[in-house]
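I have placed the structure first, in the form of C-alpha cells, so that the comments after it can refer back to it.
Computed from heavy atoms alone, side chains included, the values below leave out hydrogens, waters and symmetry copies. Order of the sequence lines fixes the chain letters, A, B, ..., with proteins taken first and strands second; residue numbering starts at 1 for each chain.
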Amino acid sequence: MEEKKRVKIKELLLNGQIGSDVLAKGWVRTRRGNKSVAFIALNDGSTINNIQVVVDVEKFDENLIKDINTGACISVNGKLVESPGSGQRVEIQATSIELYGAADATTYPLQKKGHSMEFLREIAHLRPRTNTFGAVLRIRHAMAYAIHKYFNDKGFYYVHTPIITASDAEGAGAMFKVTTLDVNSLPRTEDGKINWSEDFFGKEANLTVSGQLEGELAALALSEIYTFGPTFRAENSNTPRHLAEFWMIEPEMAFYDIIDNMNLAEDFLKYLIRYALDNCIDDLDFLNKMYDNELIDRLKFVVDNHFERLTYTKAVEILEKVEQKWEFPVFWGADLQAEHERFLVEKHFKKPVILTDYPKEIKSFYMKQNEDGKTVRAMDVLFPKIGEIIGGSQREEGYEKLLARITEMHIPEKDMWWYLETRKFGTAPHSGFGLGFERLVLFVTGMSNIRDVIPFPRTPKNCEF
RNA sequence: UCCUCUUUAGCUCAGUUGGUUAGAGCACCUGACUGUUAAUCAGGGGGUCCUAGGUUCAAGUCCUAGAAGAGGAGCCA
C-alpha cells in the first residue's frame with residue numbers, strides 16, 4: 001500500500017483539493033456531535049485555524065471515538081470535501097483514525113473555554129496548545145526571522161557575542177554569577193575574601209547583560225553588525241515589562257552618526273511591524289478580536305507615521321509648561337519617569353517618539369559627548385503602552401574623552417583595556433542601539449504581560465520548567 | 001525593593017452583621033439528540049475555604065505573621 005504523506009492543516013485549508021485523499025495529524029481542540037456523527041476540531045500548530053474532521057460514528061469503534069477528546073493527538077485519513085456547514089470551506093470526511101495519545105478528560109487541564117493568563121503560566125508546558133500561545137509563538141518566530149532577514153538584506157553581519165563574561169563594565173544591571181566553586185565551602189584568600197583564582201575561569205564570571213561592547217569591536221572591523229541573543233539581569237523587577245532572561249537585538253554600525261542611527265531604528269521597527277501585518281494576519285486578527293481590538297489599527301498607525309524626534313531639553317520644556325501634577329518633578333537634569341514618557345507619547349504627540357541628547361550624568365559612559373559639554377548623543381525610542389522599546393547612542397570614539405568618562409564614573413580602567421584599544425587604533429565614528437525582543441513581541445501581539453510572549457519566562461522567584 | 005489588591009470545586013467567581021449541611025456558571029461523568037461551530041437539553045459526582053497561630057460558645061468571614069499571584073512605582077530592554 002502506498003504511504004500517504006501528511007499535509008499540514010494550514011496547507012489543507014489554503015490549497016487542499018476537493019475530493020482528494022488526505023492525511024492530517026494534530027491535537028483535538030473540541031469534539032461535538034451526537035450518536036451518528038461527530039465533529040472534531042483539529043489543530044497542528046501550522047495555523048490558528050482548525051480543520052473540521054467529520055466522523056460517521058457507526059463506522060468506527062465506539063471506544064476510539066470516546067478517547068478523542070480535547071487534548072488527544074490523532075492521525076486522520078480521509079477525503080477532503082466541501083463543508084455543508086457554515087464556518088469552514090472544507091472538512092475531512094474521515095475514513096480511518098489512529099489515536100497517538102489520549103488525554104484523560106478528567107485530568108487534562110486545558111478546557112475548550114478560555115483560561116486566565118495567570119493559570120496558563122502555571123502550566124507553561126501545555127500552554128503552547130492554546131490558540132493564544134500558538135498565535136504568540138508563531139508571531140515571535142516571524143519577528144525573529146524578519147530581524148535576520150532585515151539585517152542580512154542590508155549587509156549586516158550576525159556576530160555572536162559571549163554569554164559568559166568577566167566584564168561588569170556596562171553597568172546595565174545586576175548580574176548572575178557563573179561559578180563551579182562549591183558554594184558551601186568557598187576558597188578564601190588570606191584576607192578572607194573569596195579566592196576567585198581557583199574558580200573555573202580563574203576570575204569572577206557572570207552572565208552577560210549586553211553584547212554591545214563586544215559588538216562594537218566587530219563593527220570596527222566589519223562596518224555593520226548585529227547581535228541577537230539572550231541577556232540576563234538579576235534585578236528584582238516585578239513588572240509586566242521585565243524578565244530576568246530576555247533576548248536582545250543590538251546592531252552596531254561604523255560611520256553612522258546619531259541621525260543615521262535614528263533612521264535605522266525607525267526603519268527597522270516599521271519593517272518588523274509591516275512584516276507581521278503581511279505574514280501573520282490570521283494570528284493578529286485572533287489577538288485583535290480576543291484581547292485588544294485596537295491592535296491592528298495601532299500597528300498600521302506606527303507603520304504609516306513618522307516618529308516624532310526631539311531633544312531631551314525640548315521635551316523637558318514641553319513637560320514644564322503642561323498643566324499637570326507629576327508624581328516626580330520635571331526639571332532639566334532629571335531622568336524622565338514613566339509618567340512623563342507616557343504623556344509625551346500617548347497624550348502630547350500621540351505617536352512614537354525619539355528623544356535625543358540627554359544630560360550626560362544620567363547616561364552611560366560610552367556615549368558620545370556633545371560640544372555643549374552637558375549632553376550626550378543618546379536616543380530612546382518610546383512606544384505607546386510599553387514605553388522605551390529601543391535605547392541607543394552614537395558612541396564616544398575619542399580615546400581621551402572616553403578615558404576621562406571612565407575615570408569620572410569610577411570604572412576600573414584595567415577591565416576596559418580591550419575596549420579602549422579600539423579607540424587607540426583606527427578609531428571611527430560609530431553608533432548602535434538595543435531592542436528588547438520581548439518588548440517588540442509584546443507590542444506586536446498586544447499581549448499585556450511580557451511573561452506571555454516568551455515560552456518559559458524567568459522572573460524573580462520563578463524558574464519552573 | 002516599596003505601595004495597593006487578590007487567594008473558596010479542575011477553571012472563573014459569589015458567599016450579607018461571625019451562626020445549621022459551602023454556592024453558581026463552565027469543565028468532568030451518565031443519558032437524550034442524524035450537520036455541530038466555545039453545540040444544545042436533562043441528571044450526577046466533585047471542597048486542606050493558601051499556610052501557621054490567635055480571638056470567640058461559634059471563623060470561609062475578625063486579628064497577627066508568612067507564602068504565592070496580580071496591578072502600580074523604581075531599575076531598565
No-H, no-angle donor-acceptor pair, A:S237 side chain to B:C75 base, under 3.5 Å:
yes
For this session: Go through the steps for A:L99 and A:I74 under the test side-chain contact (heavy atoms from CB on, under 4.5 Å), then give the verdict.
Result: CA-CA 5 Å; A:L99 180 69; A:I74 59 173; 3.7 Å; yes
Rounded to whole Å, the CD-C1' distance (A:Q93 to B:G35) equals 10 Å
**Report entry** Test item: A:R405 side-chain N/O and A:K360 main-chain N/O as donor-acceptor pair under 3.5 Å
**Finding:** yes
### Message
Tell me whether the side-chain N or O atoms of A:E339 pair up with the base of B:G72 as donor and acceptor below 3.5 Å, since no angle test is needed here.
### Response
no
Original post:
Any side-chain N or O of A:R32 under 4.0 Å from OP1/OP2 of B:A39?
Top reply: yes
Quick check on the 6.0 Å ring-centre criterion: do A:Y150 and A:F156 meet it? no
ask   = At under 4.0 Å between heavy atoms, what does A:E122 touch on the DNA or RNA strands: base, sugar-phosphate, or nothing?
value = nothing
| request: Tell whether A:N238 reaches the base of B:U1 with its side chain through a donor-acceptor pair below 3.5 angstrom. | output: yes
Taken to the nearest whole Å, CD/A:E327 to C1'/B:G72 is 9 Å
Is the number of heavy atoms from other residues, nucleotides or ligands under 6.0 Å of A:K351 NZ greater than 12? yes
Ignoring hydrogens and geometry beyond distance, is the side chain of A:H115 in donor-acceptor contact with the base of B:C11 at under 3.5 Å? no
If you look at every strand shown and take non-hydrogen atoms under 4.0 Å, does A:G85 touch a base, only sugar-phosphate, or nothing?
base
Closer than 4.0 Å, any side-chain N/O of A:N236 to the OP1 or OP2 of B:C2? no
Taking Watson-Crick and G-U wobble contacts under 3.5 angstrom, with | marking pairs to another strand and [ ] crossing pairs, the secondary structure of RNA chain B is written (((((((..((((.....[...)))).(((((.......))))).....(((((..]....))))))))))))....
Exercise for review: Could you tell me whether the phosphate oxygens of B:U37, OP1 or OP2, come under 4.0 Å of any side-chain nitrogen or oxygen in A:R31?
Suggested key: no
- Item | A:R451 vs B:A70: side-chain N/O to OP1/OP2 distance below 4.0 Å | yes
From the list A:Y312, A:W326, A:F331, ring pair (Phe, Tyr, Trp, His ring centres under 6.0 Å) with A:H340 holds only for A:W326
Phosphate-side-chain proximity, A:Q337 and B:G74, N/O vs OP1/OP2 below 4.0 Å | yes
Open item on the list: Less than 4.0 angstrom between a side-chain N/O of A:K35 and OP1 or OP2 of B:U34, yes or no?
Closed with: no
Tell me whether the side-chain N or O atoms of A:E118 pair up with the base of B:U6 as donor and acceptor below 3.5 Å, since no angle test is needed here.
no
Centres of the A:Y158 and A:F228 rings: under 6.0 Å?
no
- When we call it a touch if two heavy atoms are under 4.0 Å apart, what does A:E58 touch: a base, just sugar-phosphate, or nothing? nothing
- Task: Check whether any side-chain nitrogen or oxygen of A:T30 sits under 4.0 Å from OP1 or OP2 of B:A39, and answer yes or no.
- Result: yes
- [ ] Tell me whether the guanidinium CZ or amine NZ of A:K270 lies under 6.0 angstrom from the six-membered ring centre of A:F307 and within 45° of its axis.
- [x] yes
